[in-house]
Asks: 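Please find one structure pasted underneath; my questions will follow.
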Amino acid sequence: MKRLALLTSCLLLLTLADLNAGNTSVLGSKPKWAVLENYQETITHDEFSQLMHDVYCTHGFASDLIEINEKTARVLINRETQKFFTLRFAENPATAGRKAVPRLWRPAKILPPAKPEKALLGLKIALDPGHLGGKWAKIEERWFQVGNSPPVQEGDLALRVARLLAPRLRELGAKVSFVRSSNEPITSKRPDDFRELAKRILIKNGVPEPRADVLDPNDPAKEQTIRWQSEILFYRYSEIRRRAALVNFKLHPDLVLCLHFNAEGWGDPNNPTLTDTNHLHLLVNGSYLAEELEFDDERFEMVRRLLSRAYDEELPLADTIALAMARETGLPPYEYPTTNTTTKVGTSGYVYARNLLATRLYRCPVVYCEPYVMNSKDVFARIQAGDYEGVRNVSGVERKSIFREYADSVTEGLVDYYSKARAARNGSL
């Protein structure tokens, strides 16, 4: 979390001259605005306005970027040429009187009825275990170790949960694929491939002679080194964009589950701070910042996501999964210290909208799970206990394996949501 915040401030100034792809965000591509023509007359003025103000642009947006009129919305394509895309609203509020929303994923309401023991029959789910783990965990700063105990590596933990979750979902009839199935990156790029770009970024951001390497892992100025920036470009931007390509062009799921563990600041990873704090939250896409919308690709991706109505599916789904996870884990909801980048949404109290790269680029509903504080005393003890069947005494309490608890609670939430959605559809036939 801390590293991402530092990264954002350092990379937001990237422009056309840096990436040769137009006015795009980090490693972004020039948007294909013509794609939005497929969404003409699929959404009403009121629906578009509500999603803009309550979900996607809760921090406001510049009127010269997006202008909402009575019958149309104008979205800036190119500031230099003042070229705009014009979206025509549907006039009839009734869904029967408007064009269908084009999408490759299927909302729950159109899935055919299924028996209770096969509540997820035919549903295509992609599991995306967060981060990388293995030898990459230290680079990502999702690694810490207490004494001689086995190190805690988020990427490894998330992959373990995914491997437990997949067979449960398949037994319920889902078609399950993995976005990441090992500790190796999906991208073919490596940090060294980004050293020149990292240097240019640093120079642009006021570091005229950036150091090549990180001399001390605890150096507060390490983010001003070429190595640190090139590693971020590798694991955060290149890797997630490659995962998005896999999701969008090969897997075509109805839903992506991004599996993560959370953390509080732990300081020195070789002598980390363990805390009593533990909590849970889930994320869906939204809450774009005004400065993020200045980038042509982010503005395009936000509008396309809004028009696809992914939010209509992912919010109730996230709320349902959150409540199941809360029941299973007993964890309280996380409260972000500020609302600068997030907006609380839904009814569960556990779900936030936030503009993360994965939730923005994956072209289907995305539920991003962030349970457990890895460096809390309780979670650390449970991670050290490993995976096991049944229950075991951990810190004086009989508990499930933390990995099975995670997988079981997500499964329960999915079954709750899709069972009710399919029952409602069956009742309307």
Asks: What's the verdict on side-chain contact (heavy atoms from CB on, under 4.5 Å) for Cys57 and His59, showing C-alpha distance, side-chain angles and the deciding distance?
Replies: CA-CA 5 Å; Cys57 298; His59 306 284; over 6 Å; no
Asks: Give the C-alpha distance, both sets of side-chain angles, the deciding distance and a yes or no for salt bridge (charged side-chain N to carboxylate O under 4.0 Å, His left out) between Asp254 and Lys124.
Replies: CA-CA 5 Å; Asp254 301 312; Lys124 296 169 67 176; over 6 Å; no
Asks: Ala322 and Val351: which non-hydrogen atoms are nearest, and at how many Å?
Replies: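 Heavy-atom minimum between the residues: CB-CG2, 4.2 Å.
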Asks: The test is side-chain contact (heavy atoms from CB on, under 4.5 Å); show your working for Arg305 and Tyr56 and say whether it passes.
Replies: CA-CA 10 Å; Arg305 190 161 191 84; Tyr56 291 100; 3.9 Å; yes
Asks: Is there a donor-acceptor pair closer than 3.5 Å between any side-chain N or O of Asn78 and the backbone N or O of Lys83?
Replies: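 Judged by distance alone, no pair lies under 3.5 Å.
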Asks: Does Leu293 offer a backbone N or O that forms a donor-acceptor pair with the side chain of Arg299 under 3.5 Å?
Replies: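 Pair found, side chain donor or acceptor close to backbone of Leu293.
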Asks: After noting the C-alpha distance and the side-chain angles of Glu67 and Asn69, does the key distance pass the side chain to side chain donor-acceptor pair (under 3.5 Å) rule?
Replies: CA-CA 6 Å; Glu67 179 183 85; Asn69 302 306; 3.2 Å; yes
Asks: How long is the straight-line distance from CG of Asp128 back to CZ of Arg243, given to the nearest 0.5 Å?
Replies: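 Going from the CZ atom of Arg243 to the CG atom of Asp128 covers 5.0 Å.
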Asks: By side-chain hydrogen bond (donor to acceptor under 3.5 Å, both in side chains), which residues pair with Asp408, not counting sequence neighbours?
Replies: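 Arg168, Lys400.
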Asks: Should Phe85 and Glu37 count as side-chain neighbours, where that means a heavy-atom distance under 4.5 Å?
Replies: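 Yes, side chains in contact.
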Asks: I need the minimum non-hydrogen distance between Ala126 and Val179, along with the two atoms involved.
Replies: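 Ala126 and Val179 have their closest heavy atoms at CB-CG2, 4.0 Å.
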Asks: If you measure from CG on Asp387 to CD on Glu405, what distance do you get to the nearest 0.5 Å?
Replies: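 That separation rounds to 12.0 Å.
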Asks: Donor-acceptor pairs under 3.5 Å, side chain of residues 170-177 to any protein atom, not counting sequence neighbours: which ones?
Replies:
from   : atom 1 : to     : atom 2 : distance (Å)
Arg170 : NH2    : Val176 : O      : 3.1

Asks: Answer yes or no on whether Arg422 is positioned over the face of Tyr418, meaning its NZ or CZ is under 6.0 Å from the six-membered ring centre and within 45° of the axis.
Replies: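 Checked: cation-pi criterion not met.
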Asks: Which distance, rounded to the nearest 0.5 Å, do you find between the CZ of Arg360 and the CD of Glu292?
Replies: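 One gets 7.0 Å once the value is rounded to the nearest 0.5 Å.
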Asks: What verdict does the salt bridge (charged side-chain N to carboxylate O under 4.0 Å, His left out) test give for Glu231 and Arg236, after you've listed the backbone C-alpha separation in whole Å, the side-chain angles of each residue and the deciding distance to 0.1 Å?
Replies: CA-CA 8 Å; Glu231 288 174 350; Arg236 179 69 62 184; over 6 Å; no
Asks: Is the side chain of Gln229 donor-acceptor paired with the backbone N or O of Ile201 at a distance under 3.5 Å, no angle test?
Replies: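 It does not hold such a pair.
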Asks: Taking all atoms of both residues into account, what is the closest heavy-atom pair of Ile240 and Ala358, and its distance?
Replies: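 Shortest heavy-atom contact: CG2-N, 3.8 Å.
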Asks: Using only heavy-atom distances, determine whether the side chains of Gln50 and Glu47 contain a donor-acceptor pair under 3.5 Å.
Replies: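 Side chains of Gln50 and Glu47: no pair found under 3.5 Å.
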Asks: Which pair of non-hydrogen atoms, one from Tyr388 and one from Val394, has the smallest distance, and what is that distance?
Replies: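 Heavy atoms of Tyr388 and Val394 come nearest at OH-CG2, 3.7 Å.
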Asks: Would you say Leu159 and Arg180 make side-chain contact, with heavy atoms under 4.5 Å?
Replies: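 Counting from C-beta outward, Leu159 and Arg180 do come under 4.5 Å.
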Asks: Using the ring pair (Phe, Tyr, Trp, His ring centres under 6.0 Å) definition, which of the options Tyr350, Tyr336, Tyr372, Tyr368 pairs with His281?
Replies: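 Result: among Tyr350, Tyr336, Tyr372, Tyr368, Tyr336 is the only option passing the ring pair (Phe, Tyr, Trp, His ring centres under 6.0 Å) with His281.
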Asks: Once rounded to the nearest 0.5 Å, what's the spacing between atom OG1 of Thr275 and atom CG of Asp378?
Replies: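 One finds 11.5 Å between OG1 of Thr275 and CG of Asp378.
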Asks: Would you mind reporting whether Cys369 and Leu282 have side-chain heavy atoms less than 4.5 Å apart?
Replies: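 Yes. Closest side-chain heavy atoms under 4.5 Å.
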Asks: In Å, rounded to the nearest 0.5 Å, how long is the span from CD of Gln153 to NE2 of His131?
Replies: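 Rounded to the nearest 0.5 Å, the CD-NE2 separation comes to 12.0 Å.
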Asks: So, Ser419 side chain and Asp416 main chain: donor-acceptor pair closer than 3.5 Å or not?
Replies: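 Checked: no pair found.
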Asks: Is a side-chain N or O of Asp296 found less than 3.5 angstrom from the main chain of Pro31, in a donor-acceptor match?
Replies: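 Not confirmed, Asp296 side chain does not pair with Pro31 backbone.
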Asks: For Arg79, is there any backbone N or O sitting under 3.5 Å from a side-chain donor or acceptor partner on Gln82?
Replies: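 Yes.
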Asks: Counting only N and O atoms by type, is there a donor-acceptor contact under 3.5 Å from the side chain of Arg363 to the main-chain atoms of Ala244?
Replies: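 Looks like no, no N/O pair under 3.5 Å.
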Asks: Mind running side-chain contact (heavy atoms from CB on, under 4.5 Å) on Ile43 and Leu87 for me, showing each step along the way?
Replies: CA-CA 9 Å; Ile43 190 169; Leu87 174 73; 4.1 Å; yes
Asks: Which atoms form the tightest heavy-atom contact between Glu140 and Gly133, and what is the distance?
Replies: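 Shortest heavy-atom contact: OE1-N, 3.5 Å.
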Asks: Just checking, is any N or O donor in the side chain of Asp297 or Ser25 under 3.5 Å from an acceptor N or O on the other one?
Replies: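 Looking only at side-chain atoms, Ser25 and Asp297 do form a donor-acceptor pair, the distance falling under 3.5 Å.
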Asks: Quick one: are the ring centres of Phe261 and Tyr406 less than 6.0 Å apart?
Replies: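 Yes; Tyr406 has its ring centre under 6.0 Å from that of Phe261.
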Asks: More than 12 foreign heavy atoms under 6.0 Å from NZ of Lys189: is that the case here?
Replies: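 Counting neighbours around NZ of Lys189, 12 or fewer heavy atoms of other residues, nucleotides or ligands fall under 6.0 Å, so no.
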Asks: For the residue pair Asp156 and Leu132, what are the closest heavy atoms and their distance?
Replies: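 Closest pair (atom of Asp156, atom of Leu132, distance): OD1-O, 4.4 Å.
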Asks: For a 4.5 angstrom cut-off between non-hydrogen side-chain atoms, does Leu127 reach Leu169?
Replies: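 A side-chain contact exists here, since the closest heavy-atom pair is under 4.5 Å.
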Asks: With heavy-atom distances below 4.5 Å as the criterion, would you say the side chains of Pro316 and Tyr417 are in contact?
Replies: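 Yes. Closest side-chain heavy atoms under 4.5 Å.
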Asks: Just by modelled atom types, is the Leu307 backbone N or O under 3.5 Å from a matching donor or acceptor in the Arg309 side chain?
Replies: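 Yes; at least one donor-acceptor contact below 3.5 Å.
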Asks: Can a donor-acceptor pair be found between the side chains of Tyr288 and Glu301 at a distance below 3.5 Å?
Replies: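 Per modelled atom types, Tyr288 and Glu301 side chains form no pair under 3.5 Å.
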Asks: A side-chain contact here means heavy atoms from C-beta on lying under 4.5 Å apart; do His45 and Lys71 qualify?
Replies: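 A side-chain contact is absent here, since even the closest heavy-atom pair is not under 4.5 Å.
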Asks: Do Tyr352 and Glu370 pass the side chain to side chain donor-acceptor pair (under 3.5 Å) test, and can you show the C-alpha distance, the side-chain angles, and the key distance before you say yes or no?
Replies: CA-CA 11 Å; Tyr352 288 86; Glu370 286 274 7; over 6 Å; no
Asks: Does any N or O in the side chain of Arg88 come within less than 3.5 Å of the main-chain N or O of Glu41, such that one atom is a donor and the other an acceptor?
Replies: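 No, the answer is negative, given that no donor and acceptor are paired below the 3.5 Å cut-off.
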Asks: Please evaluate residues Tyr237 and Leu357 with respect to the criterion side-chain contact (heavy atoms from CB on, under 4.5 Å), reporting the C-alpha separation (whole Å), side-chain torsions for both, the decisive distance (0.1 Å), and the verdict.
Replies: CA-CA 8 Å; Tyr237 289 93; Leu357 193 59; 4.0 Å; yes
Asks: So do Lys344 and Glu335 actually touch side chain to side chain, heavy atoms under 4.5 Å?
Replies: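 Contact flag for Glu335/Lys344 side chains = yes.
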Asks: Quick check: are there more than 12 heavy atoms from other residues, nucleotides or ligands sitting under 6.0 Å from CD of Glu389?
Replies: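 It does not: Glu389 CD has 12 such atoms or fewer within range.
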Asks: Check side-chain hydrogen bond (donor to acceptor under 3.5 Å, both in side chains) between His53 and all other residues, then give those that pass, not counting sequence neighbours.
Replies: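 So His53 forms a side-chain hydrogen bond (donor to acceptor under 3.5 Å, both in side chains) with Ser49.
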Asks: How about Tyr235 and Trp136: are their ring centres within less than 6.0 Å of each other?
Replies: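 Not close enough - the centres of the two rings lie 6.0 Å or further apart.
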Asks: Side chain of Asp319, backbone of Thr347: donor and acceptor closer than 3.5 Å?
Replies: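 Side chain of Asp319 to backbone of Thr347: a pair is present.
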Asks: Within the 4.5 Å heavy-atom criterion, are Thr72 and Phe48 side-chain neighbours or not?
Replies: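 Not in contact.
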Asks: For the atom pair CE (Met302) and CG (Asn355), what is the distance rounded to the nearest 0.5 Å?
Replies: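 Rounded to the nearest 0.5 Å, the CE-CG separation comes to 9.5 Å.
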